Peer 1: 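Dropping the structure in here first, questions after.
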There are 2 protein chains.
Amino acid sequence: MKIGNTDQHEDVNSKLQYYNKEDQVLLAVDCIIFGFDEKELKVLLVKRDFEPEKDKWSLIGGFLKKSENLDQAAIRVLNILTGLKDIYMEQLHSYSEIDRDPGQRTISVAYFALIDLSSKNFDRIKIDSAKWYKINKVPQLIFDHNEMIDKAIQRLRRRALIKPIGFELLPEKFTMRQLQSLYESILDKKLDKRNFINKVNLLDILDKLDEKDMTSSRKGSFLYRFNEEKYNSKSEEGFNFKI
Amino acid sequence: MKIGNTDQHEDVNSKLQYYNKEDQVLLAVDCIIFGFDEKELKVLLVKRDFEPEKDKWSLIGGFLKKSENLDQAAIRVLNILTGLKDIYMEQLHSYSEIDRDPGQRTISVAYFALIDLSSKNFDRIKIDSAKWYKINKVPQLIFDHNEMIDKAIQRLRRRALIKPIGFELLPEKFTMRQLQSLYESILDKKLDKRNFINKVNLLDILDKLDEKDMTSSRKGSFLYRFNEEKYNSKSEEGFNFKI
DNA sequence: TCAAAAGTGTTCTGTTTACACCCATGG
DNA sequence: CCATGGGTGTAAACAGAACACTTTTGA
């Protein structure tokens, strides 16, 4: 039941008449794309090449079409820029300040995406002006985009402590050191190696492979893979990765 | 930067022309209003009195006007129904399935609100067909409103464990028993009285008053009040109310 | 005097933190 | 043979969970 206009006289039994009185607005999606490249958590930005705010950095975005829902719009926008599909995305928040976009009244729904930069899946970015920024070196962005990124980082932090979304940022096979570096980047603090490994092993959601990664050291380090079945069989509520 | 139509030829320097190509949609807000009345966590629903879906239960909602942002729209909608102002509200999620509202393509941004039912502030509901339902007795609702409530309950559960939003559901002065009942309702589990009180006292965010509430027992029970200064001085990150 | 709710501490268990040395290997 | 990162365990501190009896007072 919509009661937006209960003060005014109107025929609420006439659905179309009712709906047609209402204001329509532009709905955009903006994507915070996080990537992890072995050491650093980064976010993908593009340089705006038209007025207003020309030459300022910005998140990628696009407008919702009537033929799609918001998730589909976010997936489409991400795909246009990166060429990637089947990427983890999650709706973050909707931004609606009246003057947020000086061009026209626009409400934006922010999404964040997690992609693995080390993987060969991700060979190129399709927009020339795009650049990866370390998350603590993000420049001033247009509109409310800095606010969006701040909120996305906070959400990522909380999520990564209770859900296995961190693996979306790693290659399929990864070392313990990579996993630890990832969590150190996300949480922005150093972690103790032994405590970290003990905790991860306790969760029992990884397969230790026979392969070693020989690029990082002379000894080589074992590779691990996230085992989704193991994870699902453990808990409905995610893990409690208090680190 | 909006790249919704990069495949098509267009003059991106002409802002208006650019924006005007895009689809406009109706934006609604729907409010999940939680209330706590000494024992039970409840949600406020209204009976829809027009077709389609006449006589079905629904959340309250309304359409966004161009002159307001989403928070303001949610506050307005809440005020129309309850007459209340200065209520805790938080944006929850946006719902955008193409057929979610058979009347017209509508995207809805869900908000949840927390109000104290025991307070005399809340003397009456302004819509006759409104009714409080226990959160585990919610009937089938129109559209995706059941989904919204489920998500709101989950969010409330997580929030209440780390932020002092539970106090929004209580009168200014409350007993420990009331606070415990509230958390038991939110978390849907029985808690141990001694452990609960020990933990709350450890947080050191309440003032114990000299007054007693004499209505609940012959002995009477001390009243407490949330002390926001104490809370703010403790932590930036909220508390860790693992109970 | 008793019914009904308030109030109060201790022990046990599990989790988190702090911490340092040997291993394997390629150069 | 040594420099580099990989791998491993234990003890102390802390937080959570389990648990039962006494107090007050209006009816």
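The shown structure was predicted, so the numbers you read here are calculated from the model rather than taken from an experiment. Here is how names work: the chains are called A, B, and so on, in the same order as the sequence lines, proteins then strands, and each is numbered from 1.
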Peer 1: Over how many whole Å does the gap from B:Ile197 atom CD1 to D:dG16 atom C1' extend?
Peer 2: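 Taking CD1 of B:Ile197 and C1' of D:dG16, I get 16 Å after rounding.
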Peer 1: Calculate the interatomic distance between B:Phe239 atom CZ and D:dG16 atom P; express it in whole Å.
Peer 2: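 From B:Phe239 CZ to D:dG16 P: 13 Å.
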Peer 1: For A:Lys212 and D:dG5, what is the distance between atoms NZ and C1' respectively, to the nearest whole Å?
Peer 2: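 Interatomic distance, NZ of A:Lys212 to C1' of D:dG5: 11 Å.
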Peer 1: Only pairs at least two apart or in different chains count here, so list each salt bridge (Lys or Arg N to Asp or Glu O under 4.0 Å) that has a residue in residues 214-224 of chain B.
Peer 2: none
Peer 1: Could you check how far CG of A:Asp192 sits from C1' of D:dT8, rounded to whole Å?
Peer 2: 12 Å
Peer 1: Taking only side-chain nitrogens and oxygens of B:Lys199, does any of them come within less than 4.0 Å of OP1 or OP2 of D:dG16?
Peer 2: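 For B:Lys199, the contact criterion (side-chain N or O under 4.0 Å from OP1 or OP2 of D:dG16) is met.
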Peer 1: What residues, two or more places apart in sequence or in another chain, satisfy ring-ring contact (aromatic ring centres under 6.0 Å, His included) together with B:Tyr224?
Peer 2: none
Peer 1: Give me the residues of residues 172-180 of chain A where at least one heavy atom lies under 4.0 Å from an atom of DNA chain D, by number, or none.
Peer 2: A:Arg177
Peer 1: Measure the distance from CD on A:Glu38 to P on D:dG5 and round it to the nearest whole Å.
Peer 2: 14 Å
Peer 1: Please state how far atom CG in A:Leu202 lies from atom C1' in C:dT16, giving the value in whole angstrom units.
Peer 2: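 Spelled out: CG on A:Leu202 to C1' on C:dT16 is 11 Å.
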Peer 1: Any donor-acceptor pair under 3.5 Å linking the side-chain atoms of A:Asp30 with those of A:Tyr95?
Peer 2: no
Peer 1: Taking ring-ring contact (aromatic ring centres under 6.0 Å, His included) as the definition, give me every residue that meets it alongside A:Phe174, ordered by chain and number, with sequence neighbours left out.
Peer 2: A:Phe167
Peer 1: Could you give all pairs that pass the salt bridge (Lys or Arg N to Asp or Glu O under 4.0 Å) test and reach residues 82-93 of chain A, with sequence neighbours left out?
Peer 2: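 Checked against salt bridge (Lys or Arg N to Asp or Glu O under 4.0 Å) - neighbours excluded - the pairs reaching residues 82-93 of chain A are A:Glu90-A:Arg155, A:Glu90-A:Arg159.
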Peer 1: A:Tyr133: what forms a ring-ring contact (aromatic ring centres under 6.0 Å, His included) with it, not counting sequence neighbours?
Peer 2: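 ring-ring contact (aromatic ring centres under 6.0 Å, His included) check on A:Tyr133 returns A:Trp57.
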Peer 1: Salt bridge (Lys or Arg N to Asp or Glu O under 4.0 Å): which pairs involve residues 139-152 of chain B, sequence neighbours left out?
Peer 2: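 Matches after skipping sequence neighbours: B:Arg100-B:Asp144.
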Peer 1: When the distance from CE of A:Met214 to P of C:dT25 is rounded to whole Å, what number comes out?
Peer 2: 7 Å
Peer 1: Taking only Lys NZ, Arg NE, NH1 and NH2, and the carboxylate oxygens of Asp or Glu, determine whether A:Lys230 and A:Asp207 approach each other closer than 4.0 Å.
Peer 2: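 Yes.
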Peer 1: Output all residues satisfying side-chain contact (heavy atoms from CB on, under 4.5 Å) with A:Asn198, sequence neighbours left out; order by chain, then residue number.
Peer 2: none
Peer 1: Without decimals, in angstroms, what is the distance between B:Lys193 NZ and D:dA17 P?
Peer 2: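 In whole Å, D:dA17 P lies 18 Å from B:Lys193 NZ.
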Peer 1: What I want to check is whether an N or O donor and acceptor connect the side chain of B:Arg194 with the base of D:dA20 at under 3.5 Å.
Peer 2: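 Indeed, a donor on one side and an acceptor on the other fall under 3.5 Å apart.
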Peer 1: Where along residues 215-223 of chain B does a heavy atom come under 4.0 Å from DNA chain D, residue by residue in number order?
Peer 2: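 Close to the strand are B:Arg218, B:Lys219.
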